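Below is one structure, written out as structure tokens; the observations come after it.
A quick note: this is a predicted structure, and the numbers were derived from the prediction, not measured. Throughout, protein chains are lettered first and strands after them, A, B, ... in sequence-line order, and every chain is numbered starting at 1.
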Protein chains: 2
Amino acid sequence: MSANSRMSLAVHILTWLAYDRRGTDKETATSQRIATSVNTNPVVIRRSLGRLKDHGLVTIDHGKGGGWSLARDAASITLLDVYCASSDDPVFGLHASDPDAECYVGYGIQPVLTRIYDRATEALRQSLAQDTIADVLRETVAVYAAGDHPPPQPRVSS
Amino acid sequence: MSANSRMSLAVHILTWLAYDRRGTDKETATSQRIATSVNTNPVVIRRSLGRLKDHGLVTIDHGKGGGWSLARDAASITLLDVYCASSDDPVFGLHASDPDAECYVGYGIQPVLTRIYDRATEALRQSLAQDTIADVLRETVAVYAAGDHPPPQPRVSS
DNA sequence: TTGTGCTGTATCTGTTCTTGTTACAGTTGT
DNA sequence: ACAACTGTAACAAGAACAGATACAGCACAA
């Protein structure tokens with residue numbers, strides 16, 4: 001919902017791939033299997049994976065038996081990378097309709113807002129840059145290990 | 001547009017009121033006059049002002065000849081205050097549909113995301129807290145003074 | 001070369017959110 | 001009582017989004 005659930009979706013996918021890579025049986029990583037974990041439609045996953053591929057975060061092996069995998073080590077993919085790949089829209093938007101240019105405030109406020117928004121957005125980005133997909137995977141597994149999980153099975157997906 | 005143009009609207013309104021307060025002729029600050037500067041409908045302004053009033057940033061004098069004014073000094077209203085009054089929605093949203101709890105990643109990822117999002121959002125908020133409406137007004141007037149403004153009149157609005 | 005399995009993308013639907021607008025009752029000073 | 005403005009409901013139009021179906025395209029295997 002709200003603003004940016006695409007970010008959560010992308011992090012989920014990448015974390016899933018990072019976990020999947022550790023396995024040895026190597027069932028192919030298809031959009032269908034990922035969709036089961038995220039609990040949504042495979043097309044939604046493919047749309048997100050397409051963006052991640054365009055930003056060089058994942059690769060795809062086409063053809064029968066192919067599948068998705070991380071293009072780089074999970075420890076080198078920061079959440080800022082994911083954020084950049086997930087959203088084109090700025091956090092803050094300017095006025096829906098252009099202000100009255102004949103007014104002191106209406107004339108001058110937009111560049112001021114832009115400066116303030118840019119700085120705040122940069123602070124947000126710096127914070128996101130501090131975590132990697134490897135961190136998320138480690139913490140996520142820890143949450144699983146600590147919790148009283150409803151199901152007893154320790155496999156990635158169904 | 002995009003995410004949060006309500007923030008820009010609220011900053012514009014408060015800056016306008018901060019400027020208006022400096023005047024001596026004291027034409028009443030009505031939603032109609034503010035709407036002219038923002039170039040929108042008075043009801044849109046009233047909706048925003050209602051939220052700002054609920055957060056204690058502005059006050060209203062009802063009745064004939066009444067009008068809006070800042071509840072506090074412009075230098076004491078930070079953009080974080082405005083942000084809090086403008087938006088209930090978080091910057092980042094979690095998954096649209098709950099992930100599969102039978103999956104390692106699906107089970108454990110949401111609290112991890114929440115922690116990361118909270119930290120990033122806090123960085124954004126700290127950045128916004130560094131500017132006040134008084135700062136915005138000063139810089140906005142400077143932009144006006146520096147520019148080659150289309151109209152020659154130096155009055156607030158029409 | 002044919003078959004298989006998966007991707008990439010177009011398209012449609014239902015939902016939600018937002019802006020802009022009209023309308024009108026409520027409030028308050030003159 | 002009147003004038004002036006607010007607060008809010010209601011509505012239309014538009015954008016954005018998730019979810020879903022459908023199908024052509026691609027690459028490997030046999």
Under the salt bridge (charged side-chain N to carboxylate O under 4.0 Å, His left out) test, residues paired with Asp54(B) that sit two or more places apart: none

First encountered from the 5' end of DNA chain D, between Arg46(A) and Thr40(A): Thr40(A)

Leu9(A) with Val43(A), same ILVMFWY side-chain cluster at under 4.5 Å: no

Nearest-angstrom distance from the residue atom CD of Gln32(B) to P of dT22(C): 11 Å

Nucleotide nearest Trp68(A) (side chain, heavy atoms from C-beta), chosen from dT6(D), dG8(C), dA18(D): dG8(C)

Asp135(B)/Arg115(A) ion pair, N-O < 4.0 Å: no

Minimum heavy-atom distance Ser37(B)-Gly106(A), with the two atoms named: OG-N, 4.0 Å

Side-chain N,O (Thr30(A)) to OP1/OP2 (dC6(C)) below 4.0 Å: no

Of the listed nucleotides dT21(C), dA27(D), dT18(C), the one nearest the side chain of Arg6(B): dT18(C)

Donor-acceptor contact present, side-chain Ser8(A) to main-chain Gly93(B), <3.5 Å: yes

Heavy-atom donor-acceptor pair, Thr36(A) side chain to Gln32(A) backbone, under 3.5 Å: yes

Nucleotide dC28(D), atom P - distance to CG of Asp61(A) in whole Å: 8 Å

Qualifying residue, where the test is side chain to side chain contact (heavy atoms under 4.5 Å, CB included) with Leu49(B) and the options are Ile34(B), Leu14(B), Leu57(B): Ile34(B)

Sorted by number, the residues of residues 79-88 of chain B with heavy-atom contact under 4.0 Å to DNA chain D: none

Phosphate contact (dT7(C) OP1 or OP2) by Lys53(A) side-chain N/O below 4.0 Å: no

Between dC6(C) (P) and Asn41(A) (CG): distance, integer Å: 15 Å

Value in whole Å for how far the C1' atom of dT7(C) lies from NE2 of His62(A): 5 Å

Taking N or O atoms only and anything under 3.5 Å, show me the protein contacts with nucleotides 10-12 of chain C, one pair per line.
none

Separation of dG19(D) P from Ile45(A) CD1 (nearest whole Å): 9 Å

Salt bridge flag under 4.0 Å for residues Glu122(B) and Arg125(B): yes

Short side-chain N/O contact from Thr28(A) to OP1 or OP2 of dG5(C), under 4.0 Å: no

Integer-rounded Å distance: dC28(D) C1' and Ile60(A) CD1: 13 Å

Rounded interatomic separation in angstrom, taking CZ from Arg51(B) and P from dG7(D): 14 Å

Nearest-Å distance for atom pair CD1/P, residues Ile13(A) and dA18(D): 11 Å

Sidechain N-carboxylate O distance under 4.0 Å for Arg6(A), Asp88(A): no

